[in-house]
Amino acid sequence: MQHKVFIYNTLTRKKEEFIPIHPGHLGLYVCGPTVYGEAHLGHARPAVTFDLLTRYFEHLGYKVRYVRNITDVGHLADEVAGEGEDKIARKARLEQVEPMEIVHRYTESYHDNMRALNVKSPSIEPRATGHIIEQQQMIREILSQGFAYEVNGSVYFDVFKYNEKYPYGKLSGRKLEELYENTRTLDGQSEKRNSADFALWKKAAPEHIMRWPSEWSDGFPGWHMECSAMSTRYLGKTFDIHGGGMDLVFPHHEAEIAQSTAAHGHDAARYWMHNNMITINGQKMGKSLGNFITLNELFTGSHSLLEKAYSPMTIRFFILMAHYRGTVDFSNEALLAAEKGLDRLMKGMEATQKIIASAKSTVDVAALHHKCYQALNDDLNSPVLLAQLFEAVKITNSLLAGNETIDAKGLELLRKLYHDFVVDILGLLPEAQSGAAKSDLSGQLIELLLNLRIEAKNNKDWATADSIRNQLTQMGVVIKDTKDGFEWELK
RNA sequence: GGUCUCGUGGCCGAGUGGCUAGGCAUCGGUCUGCAAAACCGGGUACAGCGGUUCGAAUCCGCUCGAGACCUCCA
């Protein structure tokens, strides 16, 4: 494959040509969800973004190992003083169930949502609780290098010590001195030497259920540890791309870089990719603000801000309509536009089946094909790709209308273009028809009525013909007359 | 307060020095018994002010506005 793919590297703040460590292979790590609640629209963004990335690289012939974790321990609800309660444990306590019940429930829900969005399952989906040993081992390495210290059974990363040797803040563009000045410090309430330090291992309080033995204490790992430990385990000490939401740049990814560098002497990921946020009324959609809409609510329309239900494919298309590094503002209008646009695209793709090749072409599909690759090679520019695909739709419809002609080779390429880019790469699938299928009794009844309407039309009995059409339309049957009959579908 | 990002037509959303992005909506036309779909065509843009330039939405400065991160958040 001769494609040069450029991706924006947060580390350098530039688009860089992607060069794999091992030719033909891509090692990708993406931060997955903390499973203590239902997935919302914001969770769909990185999932779809990095799904697009893996699908594209696979299309280009790469063998991709995609690791996306499930965080099921160690994510503290309040890390101001490093004394917060674990999010999973907190939810379990509030609901009086086992933490693992919480984890199981929301992991299942997350998987269901991802399947609905046609997000491919990653190659490996490791869990923090399944890698306590690896995390402890890495903590030992960091301790042995002198970049961490133990206090009362907890282990903290010594950011100041680290910063003497390595630049802390290189990913987020922060200076440690500024961080120190700007961080709210609660004197005397923290075991940490400095407010910028973060927990690698936390000693569990007596009532804390989630705990594992270690030489420091019965406790649990700090949030940032899992990604460093698990990416190392499955992708090695150096791998190609690390991805996640922009809100994770600081402190999570900065901490990961520090941990890996402290333990191994170098950074783990070569390219850092970050998707931007989904906003609602111009504000970030997030758990803490409580302004989120869950994916299940979107699929069913059960949220006060939703005018109707939106299908998973509409949501996927909506996300792909914007470039991943820009914010996307939620609105019914935008979602509705996405729904219609998707419909137009899918109809265009289906329509290629009805086209008959001519001896010569008046359209240049090859040029369009090339532009599709160009769009993706330029930092996964899905909106530009979609613009090209709508050009394909225009060509398709013009062919159908007889305004243009295409030869057999061109037609084959046109069909391949749709299949490769719409289905394989963008992951957009035709929506399953709800309700009556053409073979159902109701479908047969609809066709019976429409055939009666044809008879009425032939007799120029417009009143009867229109009456049948209007009533069927009211019932949600969309009717299109064609030269030699009719087409119909359920709305 | 610090660091950073962004402000494009009715809505969404690309572009980043000169050549129509695209979608949705809207208007006119073709087709159709009428409609729908489709096709053809039209209109309304680059927050404001100043500067650089032969030429700026695109570069620079200022002003206004919005947002992100600095605590957990995809």
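Just so it is clear, the model here is predicted, and its values are computed rather than measured. Chain letters run A, B, ... following the sequence lines, proteins first and then strands; every chain starts at 1. The analysis underlying the following values was restricted to heavy atoms, covering all of them including side chains, and did not include hydrogens, waters or symmetry mates.
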Pairwise [atom1] distance for [N] and [M], with rounding to whole Å:
{"N": "B:A37", "M": "B:G48", "atom1": "C1'", "result": "44 Å"}
{"N": "B:G10", "M": "B:C69", "atom1": "C1'", "result": "33 Å"}
{"N": "B:C49", "M": "B:G7", "atom1": "C1'", "result": "15 Å"}
{"N": "B:C46", "M": "B:G9", "atom1": "P", "result": "8 Å"}
{"N": "B:G41", "M": "B:G55", "atom1": "P", "result": "33 Å"}
{"N": "B:G50", "M": "B:U30", "atom1": "C1'", "result": "50 Å"}
{"N": "B:G1", "M": "B:U53", "atom1": "P", "result": "36 Å"}
{"N": "B:C11", "M": "B:A47", "atom1": "P", "result": "14 Å"}

Just checking [X]: base, sugar-phosphate only, or nothing, at a heavy-atom cut-off of under 4.0 Å?
{"X": "A:N381", "answer": "sugar-phosphate"}
{"X": "A:E339", "answer": "nothing"}
{"X": "A:I278", "answer": "base"}
{"X": "A:M246", "answer": "nothing"}
{"X": "A:T327", "answer": "sugar-phosphate"}
{"X": "A:G245", "answer": "sugar-phosphate"}
{"X": "A:V328", "answer": "sugar-phosphate"}
{"X": "A:K340", "answer": "sugar-phosphate"}
{"X": "A:H323", "answer": "sugar-phosphate"}
{"X": "A:D466", "answer": "base"}
{"X": "A:K460", "answer": "nothing"}

Nucleotide nearest [X] (side chain, heavy atoms from C-beta), chosen from [options]:
{"X": "A:D481", "options": "B:C34, B:G22, B:A14", "answer": "B:C34"}
{"X": "A:H40", "options": "B:G33, B:A74, B:G67", "answer": "B:A74"}
{"X": "A:P251", "options": "B:G23, B:A14, B:U71", "answer": "B:U71"}
{"X": "A:M321", "options": "B:C69, B:G13, B:C12", "answer": "B:C12"}
{"X": "A:A387", "options": "B:C70, B:C12, B:G22", "answer": "B:G22"}
{"X": "A:Q283", "options": "B:C39, B:G67, B:A74", "answer": "B:G67"}
{"X": "A:P46", "options": "B:C11, B:A74, B:C69", "answer": "B:A74"}

Could you give the [atom1]-to-[atom2] distance, from [X] to [N], as a whole number of Å?
{"X": "A:N470", "N": "B:A35", "atom1": "CG", "atom2": "C1'", "value": "9 Å"}
{"X": "A:D343", "N": "B:G22", "atom1": "CG", "atom2": "P", "value": "20 Å"}
{"X": "A:I280", "N": "B:C12", "atom1": "CD1", "atom2": "C1'", "value": "15 Å"}
{"X": "A:M346", "N": "B:A38", "atom1": "CE", "atom2": "P", "value": "16 Å"}
{"X": "A:K394", "N": "B:U20", "atom1": "NZ", "atom2": "P", "value": "13 Å"}
{"X": "A:K15", "N": "B:A14", "atom1": "NZ", "atom2": "P", "value": "12 Å"}
{"X": "A:L380", "N": "B:G13", "atom1": "CG", "atom2": "P", "value": "18 Å"}
{"X": "A:R13", "N": "B:A68", "atom1": "CZ", "atom2": "C1'", "value": "12 Å"}

Polar side chain donor-acceptor pair, [X] to [Y], under 3.5 angstrom:
{"X": "A:S228", "Y": "A:Q259", "answer": "yes"}
{"X": "A:D329", "Y": "A:T279", "answer": "yes"}
{"X": "A:H323", "Y": "A:N381", "answer": "no"}
{"X": "A:Y271", "Y": "A:T10", "answer": "no"}

Any side-chain N or O of [X] below 4.0 angstrom from OP1/OP2 of [N]?
{"X": "A:N397", "N": "B:C39", "answer": "yes"}
{"X": "A:K284", "N": "B:C69", "answer": "yes"}
{"X": "A:R325", "N": "B:A14", "answer": "no"}
{"X": "A:K457", "N": "B:G33", "answer": "no"}

- Message: Does atom NE2 (A:H303) have a neighbourhood of more than 12 heavy atoms from anything else shown, all under 6.0 Å?
- Response: yes
Could you let me know what [N] is paired to, Watson-Crick or G-U wobble, both distances under 3.5 Å, or none if it's on its own?
{"N": "B:G22", "result": "B:C12"}
{"N": "B:U3", "result": "B:A68"}
{"N": "B:C39", "result": "B:G29"}
{"N": "B:G61", "result": "B:C49"}
{"N": "B:U44", "result": "none"}

Checklist entry - So, A:F390 and B:G23: ring centres less than 5.5 Å apart, planes less than 30° off, yes or no? => result no
Practice item. Anything under 30° is parallel, anything over 60° is perpendicular, the rest tilted; go ahead and classify A:H274 against A:H253. Key: tilted
Nearest-nucleotide check on RNA chain B, A:G326 vs A:A337; residue mapping nearer the 5' end is A:G326
Whichever of A:K480 and A:S331 has the more 5' nearest nucleotide on RNA chain B, that residue is A:S331
- prompt: Below 3.5 Å, does any donor atom in the side chain of A:R469 face an acceptor in the base of B:A35, or the other way round?
  reply: yes
Aromatic ring centroids of A:H224 and A:F157 under 6.0 Å?
no
Between the NZ atom in A:K202 and the CZ atom in A:F220, the distance rounded to the nearest 0.5 Å is 6.5 Å
Scanning both residues in full, the closest heavy-atom pair of A:V30 with A:N69 reads O-OD1, 3.3 Å
